[in-house]
Amino acid sequence: MIRNRLKELMDERGLKASRIANDIDNLSRNTINATVSNKGKMIQLETVNALCQYLGVTPNDFFEYLPFDVNVSIDADTEPIVSTSYVNNEIVSAEETYIKPFYLNLYLTKVGNNHLSGESKKTFELSVISSEKIKFSTAPEFGNNNFVMYTPNLKVVLGNPPTKDNMGSQKESFLNFWNKELTPGFRKVIQENIQDAVLKYISDFCSNNQWIEFNDIISINFRFDDFDSNYSELENGIVVIEKDTDELPF
């Protein structure tokens, strides 16, 4: 994994993209913002050269590297279930419509490939949980038969299915991986990749149900379980974590 540290370097110096773009010829604010996001697949060497000179750092300071990748994948054993009432094949009201609590399968796979030691893989099984109903409101601007989905409030927990035993079986190895093998910068990258994957899944789900209008906003709470939390059950019998204790950073 490799990422640039431009955001941290700018914050340390109290610099904004507009200031850097003003001070460096032929370097636009858009290019700086795109570099900060770490979303692009490439960065021009002349851009790295200009930024390193301007910030007074070396490429070793500008980039951060780990000798493995972490792949994120999302799927579901069954699609989320919509509960509603129909009259003449039309949904009666937004107030009576909701998506039942559900969880998605989340897999984080640590992948390494070295010419001496060969390829290595380690997969951690997690869950993305919606422990409450996702409700809808009316959307006259989209037509009488279309409803706007409220922002889903989701949480990521260790274990899949999200049971206490499944959490416990991975807890030590995952905490070692997350806290000792990853830097804060790469933890943030992985969190963003998880959010993007979940957002795509929900967006695709809404596209397949054309009466749902989705604003492409989700709220994800990343956390571990310290096994002192209270538990309740989803409608499918899977135990999930409640928010009755202080939440730990994922």
Side-chain angles (χ1 to χ4, degrees), residues 7 33 36-39 70-84 94-108 124-139 141-142 146-163 167 174 178 182 184-209 211-226 228-236 238-250:
K7 177 66 165 59
N33 288 332
V36 164
S37 73
N38 270 292
K39 296 291 186 183
V70 178
N71 299 327
V72 174
S73 62
I74 291 278
D75 64 27
D77 297 328
T78 58
E79 280 200 346
I81 299 172
V82 177
S83 177
T84 190
E95 291 74 17
E96 298 179 15
T97 302
Y98 60 88
I99 297 175
K100 294 183 177 181
F102 64 89
Y103 75 91
L104 305 177
N105 307 317
L106 167 61
Y107 303 104
L108 299 184
F124 297 99
E125 299 180 350
L126 299 92
S127 301
V128 180
I129 298 173
S130 172
S131 58
E132 301 174 351
K133 299 175 181 178
I134 301 177
K135 299 180 180 180
F136 295 85
S137 63
T138 55
E141 65 270 29
F142 296 111
N146 284 38
F147 299 151
V148 175
M149 184 170 68
Y150 284 17
T151 299
N153 293 309
L154 310 170
K155 49 193 169 187
V156 173
V157 298
L158 185 61
N160 185 279
T163 64
M167 294 173 192
F174 185 78
W178 190 263
L182 297 175
F186 279 116
R187 290 177 206 151
K188 183 178 179 181
V189 168
I190 294 171
Q191 288 177 338
E192 290 173 350
N193 290 343
I194 291 172
Q195 181 149 336
D196 289 345
V198 174
L199 185 62
K200 183 180 185 306
Y201 180 91
I202 294 178
S203 180
D204 290 344
F205 170 78
C206 293
S207 295
N208 292 333
N209 294 270
W211 54 271
I212 298 178
E213 299 296 337
F214 179 48
N215 59 11
D216 291 331
I217 298 175
I218 57 176
S219 172
I220 297 186
N221 179 16
F222 294 93
R223 58 169 295 162
F224 294 133
D225 179 45
D226 58 4
D228 292 327
S229 298
N230 293 325
Y231 291 84
S232 67
E233 294 188 359
L234 293 173
E235 293 186 10
N236 61 2
I238 299 299
V239 178
V240 301
I241 300 171
E242 290 299 318
K243 293 184 176 181
D244 292 341
T245 59
D246 292 336
E247 293 172 352
L248 303 175
F250 181 87

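Taking CD1 of I212 as the reference point, atom CE of M149 lies at 6.5 Å (rounded to 0.5 Å).
Under the rule for a side chain to side chain contact (heavy atoms under 4.5 Å, CB included), the partners of S83 that lie at least two apart in sequence or sit in another chain are Y98, K100. Considering only residues two or more places apart in sequence or on other chains, N105 meets the side chain to side chain donor-acceptor pair (under 3.5 Å) condition with D75, D77, N160. The side chain to side chain contact (heavy atoms under 4.5 Å, CB included) search around E95 returns S93, not counting sequence neighbours. A search for salt bridge (Lys or Arg N to Asp or Glu O under 4.0 Å) contacts involving K200 returns D204, not counting sequence neighbours. With sequence neighbours excluded, no residue satisfies side chain to side chain donor-acceptor pair (under 3.5 Å) with K188. With sequence neighbours excluded, no residue satisfies side chain to side chain donor-acceptor pair (under 3.5 Å) with N209.
Here the side chain of S127 pairs a donor or acceptor atom with the backbone of G159 at under 3.5 angstrom.
For W211 and F136, the distance between ring centers is under 6.0 angstrom.
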May I have the step-by-step check of side-chain contact (heavy atoms from CB on, under 4.5 Å) for E192 and N38, ending in yes or no? CA-CA 10 Å; E192 290 173 350; N38 270 292; 6.0 Å; no
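Classified by interplanar angle (parallel below 30°, tilted 30° to 60°, perpendicular above 60°), the ring pair F124/F174 is perpendicular.
Considering every non-hydrogen atom in both F205 and P80, the closest pair reads CE1-O, 3.6 Å.
A side chain to side chain contact (heavy atoms under 4.5 Å, CB included) with V156 holds for exactly one of N221, I129, V198, V128; it is V128.
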